[in-house]
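Below, each value reflects all heavy atoms present in this structure, side chains not excepted, and no hydrogens, waters or symmetry copies.
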Amino acid sequence: MNRAIFGTVAAAALLAGATAQARDVTIGMQLEPPHLDPTSAAAGAIDQVLYSNVFEGLTRFSSDGSVGPGLAESWEISEDGLTYTFTLRGGVTFHDGTDLDATDVTFSLDRARAEDSVNAQKALFANIASTEAVDANTVKVTLTNPQGNFLFNMAWGDAVIVAPESIEDIKANPVGTGAFKFSDWKQGDSITLEKNENYWGEAAKLDGATFKFISDPTAAFAAMMAEDIDAFYVYPAPENLAQFEADPRFTVLAGNTEGETIMAMNNKLSPFDNKLVRQAVSHAIDRSAIIDGAMFGYGTPIGSHFAPHNPAYVDLTGNSNYDPEKAKALLAEAGYPDGFTTTLKLPPPSYARRGGEIIAAQLREVGIETEISNLEWAQWLEQAFKGYDYGLTIVSHTEPMDIGIYARPEYYFQYDNPAFQQLITDLDAENDPAKRTEMMQEAQKIISEDYVNAYLFQLAQTSVVNAKLKGIWVDAPTQAVDLTAVYWEE
(Lines give C-alpha, C1' and ligand atoms only; values in the text may rest on other atoms or scores of the structure.)
Protein backbone atom coordinates (compact mmCIF):
# COMPACT_ATOMS: atom_id res chain seq x y z
CA MET A 1 0.00 0.00 0.00
CA ASN A 2 1.47 3.37 -0.96
CA ARG A 3 1.74 6.16 1.60
CA ALA A 4 -1.02 8.30 0.06
CA ILE A 5 -3.56 5.48 0.21
CA PHE A 6 -2.43 4.48 3.69
CA GLY A 7 -2.77 8.09 4.86
CA THR A 8 -6.27 8.34 3.43
CA VAL A 9 -7.34 5.09 5.06
CA ALA A 10 -5.81 6.09 8.39
CA ALA A 11 -7.48 9.50 8.30
CA ALA A 12 -10.81 7.87 7.49
CA ALA A 13 -10.37 5.45 10.37
CA LEU A 14 -9.55 8.27 12.77
CA LEU A 15 -12.57 10.25 11.57
CA ALA A 16 -14.82 7.23 11.96
CA GLY A 17 -13.49 6.68 15.47
CA ALA A 18 -14.07 10.29 16.42
CA THR A 19 -17.58 10.19 14.98
CA ALA A 20 -18.37 6.99 16.86
CA GLN A 21 -17.07 8.48 20.09
CA ALA A 22 -19.17 11.59 19.59
CA ARG A 23 -22.35 9.53 19.43
CA ASP A 24 -22.39 9.46 23.22
CA VAL A 25 -22.76 12.34 25.66
CA THR A 26 -21.81 12.93 29.30
CA ILE A 27 -24.03 15.31 31.24
CA GLY A 28 -23.00 16.80 34.57
CA MET A 29 -25.61 17.24 37.31
CA GLN A 30 -25.24 18.44 40.88
CA LEU A 31 -27.84 16.19 42.51
CA GLU A 32 -28.08 12.41 42.29
CA PRO A 33 -31.55 10.83 42.35
CA PRO A 34 -32.41 8.97 45.57
CA HIS A 35 -33.89 6.23 43.38
CA LEU A 36 -35.24 5.87 39.83
CA ASP A 37 -39.03 5.84 40.22
CA PRO A 38 -40.47 9.22 39.18
CA THR A 39 -43.90 8.15 40.44
CA SER A 40 -42.93 7.83 44.10
CA ALA A 41 -40.61 10.69 45.06
CA ALA A 42 -40.44 14.48 45.01
CA ALA A 43 -36.79 14.66 43.96
CA GLY A 44 -36.47 16.58 40.70
CA ALA A 45 -33.21 14.79 39.89
CA ILE A 46 -35.22 11.67 38.99
CA ASP A 47 -37.12 13.48 36.25
CA GLN A 48 -33.97 15.25 35.10
CA VAL A 49 -32.47 11.91 34.15
CA LEU A 50 -35.53 9.91 33.17
CA TYR A 51 -38.30 12.23 31.88
CA SER A 52 -38.93 11.57 28.19
CA ASN A 53 -35.60 9.74 27.94
CA VAL A 54 -36.74 6.55 29.71
CA PHE A 55 -40.33 7.16 30.82
CA GLU A 56 -43.21 8.72 28.90
CA GLY A 57 -46.74 9.79 29.78
CA LEU A 58 -50.01 10.05 27.90
CA THR A 59 -49.05 13.65 27.11
CA ARG A 60 -45.70 15.39 27.27
CA PHE A 61 -44.11 18.80 27.66
CA SER A 62 -42.20 20.29 24.73
CA SER A 63 -39.25 22.63 25.14
CA ASP A 64 -41.52 25.69 24.94
CA GLY A 65 -43.79 24.42 27.72
CA SER A 66 -46.65 23.42 25.45
CA VAL A 67 -48.40 20.10 26.02
CA GLY A 68 -48.75 17.64 23.16
CA PRO A 69 -49.30 13.95 22.47
CA GLY A 70 -47.12 11.40 24.21
CA LEU A 71 -48.07 7.75 24.40
CA ALA A 72 -51.57 8.87 23.55
CA GLU A 73 -51.64 9.90 19.90
CA SER A 74 -55.06 11.57 20.30
CA TRP A 75 -57.97 12.03 22.68
CA GLU A 76 -61.59 13.05 22.78
CA ILE A 77 -63.25 15.04 25.58
CA SER A 78 -66.93 14.63 26.32
CA GLU A 79 -69.20 17.68 26.13
CA ASP A 80 -69.57 17.80 29.91
CA GLY A 81 -65.77 17.73 30.31
CA LEU A 82 -65.87 14.64 32.51
CA THR A 83 -64.66 11.89 30.17
CA TYR A 84 -61.33 11.73 28.33
CA THR A 85 -60.98 8.90 25.82
CA PHE A 86 -57.34 8.36 24.88
CA THR A 87 -56.21 6.47 21.79
CA LEU A 88 -52.78 4.95 22.42
CA ARG A 89 -50.07 4.69 19.81
CA GLY A 90 -49.73 1.28 18.24
CA GLY A 91 -46.59 -0.83 18.32
CA VAL A 92 -45.17 0.62 21.55
CA THR A 93 -43.12 -1.74 23.70
CA PHE A 94 -41.48 -1.37 27.06
CA HIS A 95 -37.73 -1.83 27.26
CA ASP A 96 -38.19 -5.40 28.52
CA GLY A 97 -40.06 -6.29 25.33
CA THR A 98 -43.59 -6.33 26.75
CA ASP A 99 -46.28 -4.47 24.82
CA LEU A 100 -47.81 -1.23 26.04
CA ASP A 101 -51.58 -1.50 26.21
CA ALA A 102 -54.52 0.16 27.91
CA THR A 103 -54.18 -1.93 31.06
CA ASP A 104 -50.73 -0.41 31.69
CA VAL A 105 -52.33 3.04 31.62
CA THR A 106 -55.13 2.09 34.00
CA PHE A 107 -52.59 0.39 36.27
CA SER A 108 -50.41 3.52 36.35
CA LEU A 109 -53.24 5.96 37.02
CA ASP A 110 -54.93 3.72 39.59
CA ARG A 111 -51.63 3.19 41.38
CA ALA A 112 -50.98 6.94 41.48
CA ARG A 113 -54.40 7.76 42.92
CA ALA A 114 -54.74 4.80 45.29
CA GLU A 115 -55.31 5.38 48.99
CA ASP A 116 -51.85 4.02 49.79
CA SER A 117 -50.17 5.88 46.91
CA VAL A 118 -46.77 7.40 47.66
CA ASN A 119 -46.82 9.56 44.54
CA ALA A 120 -45.37 12.95 45.50
CA GLN A 121 -48.01 14.68 43.35
CA LYS A 122 -50.97 12.48 44.31
CA ALA A 123 -53.21 15.55 44.08
CA LEU A 124 -52.78 15.48 40.29
CA PHE A 125 -54.91 12.33 40.22
CA ALA A 126 -57.43 13.14 42.95
CA ASN A 127 -60.13 14.15 40.47
CA ILE A 128 -60.06 10.82 38.62
CA ALA A 129 -63.27 8.90 39.40
CA SER A 130 -62.50 5.81 37.32
CA THR A 131 -60.30 4.39 34.57
CA GLU A 132 -61.31 1.82 31.97
CA ALA A 133 -59.38 -0.16 29.37
CA VAL A 134 -61.97 -0.09 26.58
CA ASP A 135 -59.74 -2.20 24.34
CA ALA A 136 -56.00 -2.71 23.93
CA ASN A 137 -55.42 0.77 22.51
CA THR A 138 -58.23 2.79 24.12
CA VAL A 139 -58.41 4.17 27.65
CA LYS A 140 -61.37 6.01 29.15
CA VAL A 141 -60.70 8.25 32.13
CA THR A 142 -63.72 9.67 33.94
CA LEU A 143 -63.34 12.67 36.23
CA THR A 144 -65.38 13.64 39.26
CA ASN A 145 -65.47 17.26 38.10
CA PRO A 146 -64.38 19.01 34.89
CA GLN A 147 -60.68 19.86 35.04
CA GLY A 148 -59.24 22.46 32.71
CA ASN A 149 -55.63 21.40 33.29
CA PHE A 150 -56.08 17.62 33.16
CA LEU A 151 -53.98 17.13 30.00
CA PHE A 152 -51.33 19.40 31.53
CA ASN A 153 -51.30 17.24 34.68
CA MET A 154 -50.86 14.08 32.62
CA ALA A 155 -47.61 15.51 31.18
CA TRP A 156 -45.89 15.65 34.60
CA GLY A 157 -43.12 13.19 35.36
CA ASP A 158 -45.25 11.88 38.22
CA ALA A 159 -47.82 10.70 35.63
CA VAL A 160 -45.56 8.59 33.41
CA ILE A 161 -46.81 5.15 32.38
CA VAL A 162 -45.27 2.15 34.09
CA ALA A 163 -45.96 -1.57 33.76
CA PRO A 164 -47.06 -4.01 36.47
CA GLU A 165 -44.51 -6.55 35.20
CA SER A 166 -41.55 -4.34 36.14
CA ILE A 167 -42.91 -2.22 38.98
CA GLU A 168 -41.34 -4.20 41.83
CA ASP A 169 -37.80 -3.29 40.78
CA ILE A 170 -38.50 0.17 39.33
CA LYS A 171 -36.42 2.09 41.88
CA ALA A 172 -33.21 0.32 40.83
CA ASN A 173 -34.08 -0.88 37.34
CA PRO A 174 -36.51 1.50 35.60
CA VAL A 175 -38.30 0.04 32.57
CA GLY A 176 -40.08 2.55 30.37
CA THR A 177 -41.01 3.13 26.74
CA GLY A 178 -38.67 6.03 25.91
CA ALA A 179 -35.98 6.58 23.30
CA PHE A 180 -33.31 5.51 25.81
CA LYS A 181 -33.25 2.58 28.19
CA PHE A 182 -31.56 2.26 31.54
CA SER A 183 -28.15 0.59 31.46
CA ASP A 184 -26.26 1.09 34.72
CA TRP A 185 -26.19 3.05 37.97
CA LYS A 186 -22.89 3.48 39.78
CA GLN A 187 -24.28 4.99 42.97
CA GLY A 188 -22.44 8.08 44.05
CA ASP A 189 -21.02 8.50 40.57
CA SER A 190 -23.18 8.13 37.46
CA ILE A 191 -26.19 6.72 35.62
CA THR A 192 -25.82 5.39 32.09
CA LEU A 193 -28.53 5.14 29.44
CA GLU A 194 -28.31 3.47 26.05
CA LYS A 195 -30.26 4.00 22.86
CA ASN A 196 -33.53 2.09 22.56
CA GLU A 197 -33.25 0.44 19.14
CA ASN A 198 -36.94 -0.52 19.24
CA TYR A 199 -38.32 2.92 20.00
CA TRP A 200 -41.78 3.58 18.57
CA GLY A 201 -40.99 7.17 17.51
CA GLU A 202 -38.11 9.02 15.93
CA ALA A 203 -34.93 7.30 17.04
CA ALA A 204 -32.47 9.11 19.28
CA LYS A 205 -29.45 10.56 17.49
CA LEU A 206 -27.18 9.60 20.39
CA ASP A 207 -26.09 6.04 21.07
CA GLY A 208 -26.02 6.62 24.78
CA ALA A 209 -25.71 9.08 27.64
CA THR A 210 -24.00 9.18 31.02
CA PHE A 211 -25.25 11.45 33.79
CA LYS A 212 -22.29 12.28 36.00
CA PHE A 213 -23.04 13.55 39.52
CA ILE A 214 -20.71 16.32 40.69
CA SER A 215 -21.94 18.13 43.77
CA ASP A 216 -18.91 20.38 44.30
CA PRO A 217 -18.93 23.55 42.14
CA THR A 218 -15.11 23.61 41.95
CA ALA A 219 -15.06 20.04 40.64
CA ALA A 220 -17.81 20.92 38.17
CA PHE A 221 -15.70 23.76 36.78
CA ALA A 222 -12.64 21.53 36.46
CA ALA A 223 -14.61 18.79 34.70
CA MET A 224 -16.08 21.21 32.17
CA MET A 225 -12.77 22.93 31.44
CA ALA A 226 -11.06 19.56 30.95
CA GLU A 227 -13.99 18.52 28.69
CA ASP A 228 -14.48 15.40 30.78
CA ILE A 229 -18.18 16.20 30.54
CA ASP A 230 -20.02 17.59 27.52
CA ALA A 231 -22.63 19.68 29.32
CA PHE A 232 -23.54 20.64 32.86
CA TYR A 233 -27.27 20.99 33.46
CA VAL A 234 -28.00 23.97 35.73
CA TYR A 235 -24.35 24.82 36.24
CA PRO A 236 -23.77 25.23 40.01
CA ALA A 237 -21.21 28.06 40.01
CA PRO A 238 -22.68 31.12 38.27
CA GLU A 239 -19.50 33.09 38.93
CA ASN A 240 -17.80 30.99 36.24
CA LEU A 241 -20.37 31.64 33.50
CA ALA A 242 -18.62 34.71 32.09
CA GLN A 243 -15.45 32.66 31.65
CA PHE A 244 -17.34 29.95 29.78
CA GLU A 245 -19.07 32.55 27.61
CA ALA A 246 -15.66 33.88 26.56
CA ASP A 247 -14.38 30.40 25.66
CA PRO A 248 -15.31 29.33 22.09
CA ARG A 249 -15.37 25.67 23.17
CA PHE A 250 -18.56 26.27 25.14
CA THR A 251 -22.04 27.72 24.89
CA VAL A 252 -23.86 29.10 27.92
CA LEU A 253 -27.61 28.55 27.78
CA ALA A 254 -29.48 31.12 29.86
CA GLY A 255 -33.22 30.55 29.86
CA ASN A 256 -36.30 30.32 32.02
CA THR A 257 -37.26 27.61 34.48
CA GLU A 258 -40.41 26.85 36.41
CA GLY A 259 -38.30 27.08 39.55
CA GLU A 260 -39.80 29.37 42.15
CA THR A 261 -37.00 29.68 44.69
CA ILE A 262 -38.49 30.25 48.13
CA MET A 263 -37.49 30.29 51.74
CA ALA A 264 -40.22 28.08 53.12
CA MET A 265 -41.57 28.72 56.59
CA ASN A 266 -43.11 25.96 58.68
CA ASN A 267 -46.61 27.43 59.08
CA LYS A 268 -47.57 25.01 61.86
CA LEU A 269 -44.43 25.62 63.96
CA SER A 270 -44.16 28.53 66.38
CA PRO A 271 -43.42 31.34 65.73
CA PHE A 272 -44.17 30.89 62.01
CA ASP A 273 -47.79 30.07 62.80
CA ASN A 274 -48.07 33.84 63.34
CA LYS A 275 -48.65 35.79 60.12
CA LEU A 276 -46.92 38.87 61.57
CA VAL A 277 -43.73 36.85 62.04
CA ARG A 278 -43.88 35.51 58.49
CA GLN A 279 -44.44 39.05 57.23
CA ALA A 280 -41.45 40.27 59.26
CA VAL A 281 -39.22 37.57 57.80
CA SER A 282 -40.32 38.51 54.28
CA HIS A 283 -39.51 42.20 54.82
CA ALA A 284 -36.10 41.32 56.31
CA ILE A 285 -34.90 39.82 53.06
CA ASP A 286 -33.19 41.74 50.27
CA ARG A 287 -33.88 39.73 47.11
CA SER A 288 -31.46 41.75 44.99
CA ALA A 289 -28.60 41.01 47.36
CA ILE A 290 -29.37 37.29 47.16
CA ILE A 291 -29.63 37.26 43.36
CA ASP A 292 -26.39 39.22 43.01
CA GLY A 293 -24.49 37.53 45.82
CA ALA A 294 -25.58 33.91 45.36
CA MET A 295 -26.55 33.80 41.68
CA PHE A 296 -24.26 36.50 40.21
CA GLY A 297 -27.20 38.34 38.76
CA TYR A 298 -29.05 35.35 37.28
CA GLY A 299 -32.64 35.25 38.53
CA THR A 300 -35.85 37.28 38.50
CA PRO A 301 -37.38 38.58 41.77
CA ILE A 302 -40.80 37.12 42.65
CA GLY A 303 -43.42 38.06 45.22
CA SER A 304 -45.55 34.92 45.02
CA HIS A 305 -45.25 31.31 43.89
CA PHE A 306 -45.64 31.94 40.16
CA ALA A 307 -43.33 32.16 37.16
CA PRO A 308 -42.79 35.68 35.73
CA HIS A 309 -42.87 34.37 32.15
CA ASN A 310 -46.41 33.01 32.63
CA PRO A 311 -49.04 35.30 31.03
CA ALA A 312 -51.10 35.21 34.27
CA TYR A 313 -48.20 36.48 36.41
CA VAL A 314 -48.80 39.40 38.77
CA ASP A 315 -45.83 41.33 40.15
CA LEU A 316 -46.39 41.23 43.92
CA THR A 317 -42.81 41.88 45.04
CA GLY A 318 -44.02 45.14 46.61
CA ASN A 319 -45.90 43.16 49.27
CA SER A 320 -42.60 42.05 50.75
CA ASN A 321 -40.15 44.79 49.83
CA TYR A 322 -36.89 44.95 51.75
CA ASP A 323 -37.59 47.00 54.87
CA PRO A 324 -35.65 45.84 57.95
CA GLU A 325 -37.14 48.56 60.19
CA LYS A 326 -40.63 47.41 59.31
CA ALA A 327 -39.52 43.82 59.97
CA LYS A 328 -38.36 44.81 63.49
CA ALA A 329 -41.64 46.59 64.17
CA LEU A 330 -43.65 43.57 63.01
CA LEU A 331 -41.61 41.27 65.25
CA ALA A 332 -42.28 43.54 68.22
CA GLU A 333 -46.00 43.60 67.40
CA ALA A 334 -45.97 39.80 67.22
CA GLY A 335 -44.44 39.58 70.69
CA TYR A 336 -40.79 39.09 69.69
CA PRO A 337 -39.13 42.49 70.30
CA ASP A 338 -35.79 40.75 70.85
CA GLY A 339 -36.22 38.33 67.96
CA PHE A 340 -35.90 34.56 68.26
CA THR A 341 -33.78 31.60 67.15
CA THR A 342 -34.83 29.02 64.56
CA THR A 343 -33.37 26.41 62.23
CA LEU A 344 -32.38 27.01 58.61
CA LYS A 345 -31.95 23.71 56.77
CA LEU A 346 -30.23 23.89 53.42
CA PRO A 347 -30.11 21.25 50.65
CA PRO A 348 -27.03 21.06 48.38
CA PRO A 349 -27.79 23.43 45.47
CA SER A 350 -25.76 26.65 45.35
CA TYR A 351 -28.86 28.83 45.49
CA ALA A 352 -29.66 27.27 48.88
CA ARG A 353 -26.20 27.08 50.42
CA ARG A 354 -24.98 30.48 49.21
CA GLY A 355 -28.36 32.15 49.47
CA GLY A 356 -28.78 30.73 52.98
CA GLU A 357 -25.62 32.42 54.25
CA ILE A 358 -26.77 35.78 52.87
CA ILE A 359 -30.28 35.39 54.29
CA ALA A 360 -28.93 34.35 57.69
CA ALA A 361 -26.98 37.61 57.86
CA GLN A 362 -30.05 39.61 56.79
CA LEU A 363 -32.25 37.94 59.42
CA ARG A 364 -29.61 38.55 62.08
CA GLU A 365 -29.93 42.30 61.40
CA VAL A 366 -33.55 42.22 62.61
CA GLY A 367 -32.89 39.93 65.57
CA ILE A 368 -33.58 36.49 64.10
CA GLU A 369 -30.77 34.01 64.68
CA THR A 370 -30.59 30.88 62.53
CA GLU A 371 -28.94 27.55 63.25
CA ILE A 372 -27.80 26.44 59.80
CA SER A 373 -27.73 22.75 58.85
CA ASN A 374 -26.31 21.76 55.46
CA LEU A 375 -28.15 18.61 54.41
CA GLU A 376 -27.70 16.16 51.57
CA TRP A 377 -30.72 15.85 49.32
CA ALA A 378 -31.97 12.59 50.86
CA GLN A 379 -31.63 14.10 54.35
CA TRP A 380 -33.59 17.19 53.29
CA LEU A 381 -36.39 15.05 51.87
CA GLU A 382 -36.56 13.02 55.08
CA GLN A 383 -36.28 15.87 57.60
CA ALA A 384 -37.92 18.89 55.97
CA PHE A 385 -40.18 17.57 53.23
CA LYS A 386 -41.51 14.46 54.95
CA GLY A 387 -40.79 15.12 58.63
CA TYR A 388 -41.71 18.84 58.93
CA ASP A 389 -38.55 19.09 61.06
CA TYR A 390 -37.43 22.63 60.24
CA GLY A 391 -38.20 26.27 60.90
CA LEU A 392 -36.87 27.73 57.65
CA THR A 393 -35.51 26.08 54.52
CA ILE A 394 -34.61 27.14 50.99
CA VAL A 395 -35.61 25.20 47.91
CA SER A 396 -36.51 25.82 44.29
CA HIS A 397 -39.85 24.34 43.21
CA THR A 398 -39.19 23.40 39.60
CA GLU A 399 -42.49 21.65 38.90
CA PRO A 400 -44.58 23.45 36.26
CA MET A 401 -47.39 25.79 37.36
CA ASP A 402 -47.56 24.29 40.84
CA ILE A 403 -49.31 26.96 42.90
CA GLY A 404 -51.87 24.26 43.73
CA ILE A 405 -49.48 22.82 46.34
CA TYR A 406 -50.69 25.60 48.66
CA ALA A 407 -54.10 23.93 48.70
CA ARG A 408 -52.57 20.89 50.41
CA PRO A 409 -52.38 21.37 54.21
CA GLU A 410 -50.14 18.30 54.54
CA TYR A 411 -47.53 19.77 52.18
CA TYR A 412 -44.24 20.46 53.92
CA PHE A 413 -44.85 24.15 54.72
CA GLN A 414 -48.29 23.14 56.13
CA TYR A 415 -50.36 26.11 54.95
CA ASP A 416 -54.05 25.51 55.68
CA ASN A 417 -56.46 28.02 54.13
CA PRO A 418 -59.92 26.68 53.21
CA ALA A 419 -60.68 29.70 51.00
CA PHE A 420 -57.52 29.10 48.98
CA GLN A 421 -58.31 25.39 48.76
CA GLN A 422 -61.75 26.19 47.34
CA LEU A 423 -60.23 28.61 44.83
CA ILE A 424 -57.89 25.90 43.52
CA THR A 425 -60.78 23.43 43.35
CA ASP A 426 -62.72 25.96 41.28
CA LEU A 427 -59.67 26.65 39.11
CA ASP A 428 -59.24 22.96 38.37
CA ALA A 429 -62.84 22.75 37.16
CA GLU A 430 -62.74 25.93 35.05
CA ASN A 431 -62.15 25.70 31.29
CA ASP A 432 -62.61 29.34 30.29
CA PRO A 433 -59.10 30.85 29.75
CA ALA A 434 -60.02 34.35 30.93
CA LYS A 435 -61.64 33.06 34.11
CA ARG A 436 -58.68 30.75 34.76
CA THR A 437 -56.32 33.73 34.48
CA GLU A 438 -58.39 35.70 37.00
CA MET A 439 -58.36 32.77 39.41
CA MET A 440 -54.60 32.23 39.07
CA GLN A 441 -54.00 35.91 39.77
CA GLU A 442 -56.23 35.77 42.84
CA ALA A 443 -54.34 32.70 44.06
CA GLN A 444 -51.04 34.56 43.75
CA LYS A 445 -52.41 37.49 45.77
CA ILE A 446 -53.74 35.30 48.58
CA ILE A 447 -50.51 33.50 49.34
CA SER A 448 -48.47 36.67 48.88
CA GLU A 449 -50.65 38.59 51.34
CA ASP A 450 -50.67 35.65 53.76
CA TYR A 451 -46.85 35.62 53.64
CA VAL A 452 -46.94 31.83 53.53
CA ASN A 453 -43.29 31.72 52.49
CA ALA A 454 -40.59 34.23 51.64
CA TYR A 455 -40.60 34.42 47.84
CA LEU A 456 -37.08 35.01 46.54
CA PHE A 457 -36.53 34.62 42.80
CA GLN A 458 -37.31 32.59 39.71
CA LEU A 459 -34.38 30.28 39.12
CA ALA A 460 -32.61 30.88 35.82
CA GLN A 461 -31.74 27.92 33.63
CA THR A 462 -27.99 28.32 33.17
CA SER A 463 -26.31 25.35 31.57
CA VAL A 464 -22.84 25.10 30.08
CA VAL A 465 -22.67 23.02 26.91
CA ASN A 466 -19.96 21.94 24.48
CA ALA A 467 -20.38 24.28 21.50
CA LYS A 468 -20.75 21.32 19.13
CA LEU A 469 -23.57 19.71 21.13
CA LYS A 470 -26.97 20.79 19.86
CA GLY A 471 -30.55 20.29 20.96
CA ILE A 472 -30.27 20.79 24.73
CA TRP A 473 -33.32 22.70 25.98
CA VAL A 474 -32.61 26.39 26.69
CA ASP A 475 -35.69 26.80 28.87
CA ALA A 476 -36.89 24.28 31.44
CA PRO A 477 -40.69 23.99 31.35
CA THR A 478 -40.31 20.88 33.46
CA GLN A 479 -37.50 19.09 35.27
CA ALA A 480 -35.87 17.29 32.37
CA VAL A 481 -32.63 16.88 30.50
CA ASP A 482 -34.49 15.71 27.41
CA LEU A 483 -31.91 14.06 25.14
CA THR A 484 -34.32 12.71 22.55
CA ALA A 485 -33.39 15.36 19.96
CA VAL A 486 -29.80 16.06 21.06
CA TYR A 487 -27.02 15.53 18.52
CA TRP A 488 -23.40 16.33 17.79
CA GLU A 489 -22.74 18.85 15.05
CA GLU A 490 -20.56 17.34 12.34
Side-chain angles (χ1 to χ4, degrees), residues 19-41 43-57 60-63 70-71 92-98 100 156-158 160-163 165-167 169-214 220 223-224 227-234 463 465-466 468-473 476 478-488:
T19 302
Q21 186 178 14
R23 297 282 293 180
D24 292 273
V25 68
T26 301
I27 306 290
M29 283 175 41
Q30 193 172 25
L31 298 179
E32 180 175 16
H35 59 72
L36 304 180
D37 177 12
T39 66
S40 67
I46 303 175
D47 278 352
Q48 287 171 0
V49 174
L50 301 178
Y51 184 87
S52 194
N53 297 326
V54 172
F55 287 111
E56 300 172 301
R60 61 158 291 169
F61 292 113
S62 297
S63 60
L71 292 175
V92 178
T93 59
F94 286 94
H95 299 148
D96 60 1
T98 58
L100 169 81
W156 281 49
D158 307 82
V160 295
I161 304 305
V162 295
E165 294 89 347
S166 55
I167 200 64
D169 198 30
I170 189 173
K171 290 186 175 182
N173 183 31
V175 176
T177 57
F180 294 90
K181 55 185 180 180
F182 173 73
S183 176
D184 184 46
W185 183 7
K186 294 182 174 66
Q187 294 201 10
D189 181 70
S190 62
I191 291 173
T192 304
L193 310 180
E194 61 184 58
K195 181 177 180 178
N196 175 16
E197 300 291 351
N198 298 313
Y199 184 55
W200 59 265
E202 184 176 347
K205 297 176 177 65
L206 299 171
D207 287 332
T210 298
F211 290 86
K212 185 80 172 174
F213 307 115
I214 306 173
M224 279 303 311
E227 298 184 73
D228 292 335
I229 54 178
D230 303 308
F232 204 107
Y233 181 75
V234 188
S463 295
V465 181
N466 185 301
K468 295 181 180 179
L469 189 65
K470 306 297 180 182
I472 296 281
W473 287 3
T478 191
Q479 305 173 93
V481 187
D482 186 334
L483 299 176
T484 57
V486 172
Y487 63 96
W488 284 101

So does [Y] get a backbone contact from the side chain of [X], meaning a donor-acceptor N/O pair under 3.5 Å?
X	Y	result
K181	V54	no
D228	M224	no
S463	V234	yes
D184	T192	no
D230	T26	yes
E32	G188	yes
H95	F180	yes

Less than 4.5 Å apart, any side-chain heavy atom of [X] and any of [Y]?
X	Y	result
L100	L71	yes
T39	W156	no
S190	W185	no
H35	S40	yes
L206	W488	yes
F94	S166	no
I170	V162	yes
I472	V486	yes

### Task
Test side chain to side chain contact (heavy atoms under 4.5 Å, CB included) on L50 and L36 and set out the steps.
CA-CA 8 Å; L50 301 178; L36 304 180; 4.0 Å; yes

### Message
Run K212 and M29 through side chain to side chain contact (heavy atoms under 4.5 Å, CB included) and show every step you take.
### Response
CA-CA 6 Å; K212 185 80 172 174; M29 283 175 41; over 6 Å; no

### From CA spacing to verdict: side chain to side chain contact (heavy atoms under 4.5 Å, CB included), T210, D24
CA-CA 8 Å; T210 298; D24 292 273; over 6 Å; no

### Query
Can you name the residues that form a ring pair (Phe, Tyr, Trp, His ring centres under 6.0 Å) with Y51, not counting sequence neighbours?
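Partners of Y51 by the ring pair (Phe, Tyr, Trp, His ring centres under 6.0 Å) criterion come out as none, since no residue qualifies.
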
Taking every non-hydrogen atom, the tightest pair across [X] and [Y]:
X	Y	value
A45	P33	O-CG, 3.6 Å
F232	A220	CE1-CB, 3.5 Å
A41	D158	O-OD2, 4.1 Å
A476	Y233	CB-OH, 3.9 Å
P38	G157	CB-O, 3.7 Å

#### Entry: side chain to side chain contact (heavy atoms under 4.5 Å, CB included) between I161 and T177, intermediate numbers included
CA-CA 8 Å; I161 304 305; T177 57; over 6 Å; no

In Å and rounded to the nearest 0.5 Å, what is the [atom1] to [atom2] distance from [X] to [Y]?
X	Y	atom1	atom2	answer
K195	R23	NZ	CZ	5.5 Å
I27	F211	CD1	CZ	6.0 Å
N53	Q48	CG	CD	11.0 Å

### Task
List in chain and number order the residues that pass side chain to side chain donor-acceptor pair (under 3.5 Å) with N196, two or more places apart in sequence or in another chain; answer none if no residue qualifies.
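Partners of N196 by the side chain to side chain donor-acceptor pair (under 3.5 Å) criterion come out as none, since no residue qualifies.
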
#### Entry: Identified side-chain contact (heavy atoms from CB on, under 4.5 Å) counterpart of S52 within the set D47, T484, V481, L483
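Running side-chain contact (heavy atoms from CB on, under 4.5 Å) over D47, T484, V481, L483 with S52 returns exactly one hit, T484.
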
### Message
If you count heavy atoms of other groups shown closer than 6.0 angstrom to NZ of K470, is the number above 12?
### Response
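Yes - once you tally the heavy atoms of other residues, nucleotides and ligands closer than 6.0 Å, there are more than 12.
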
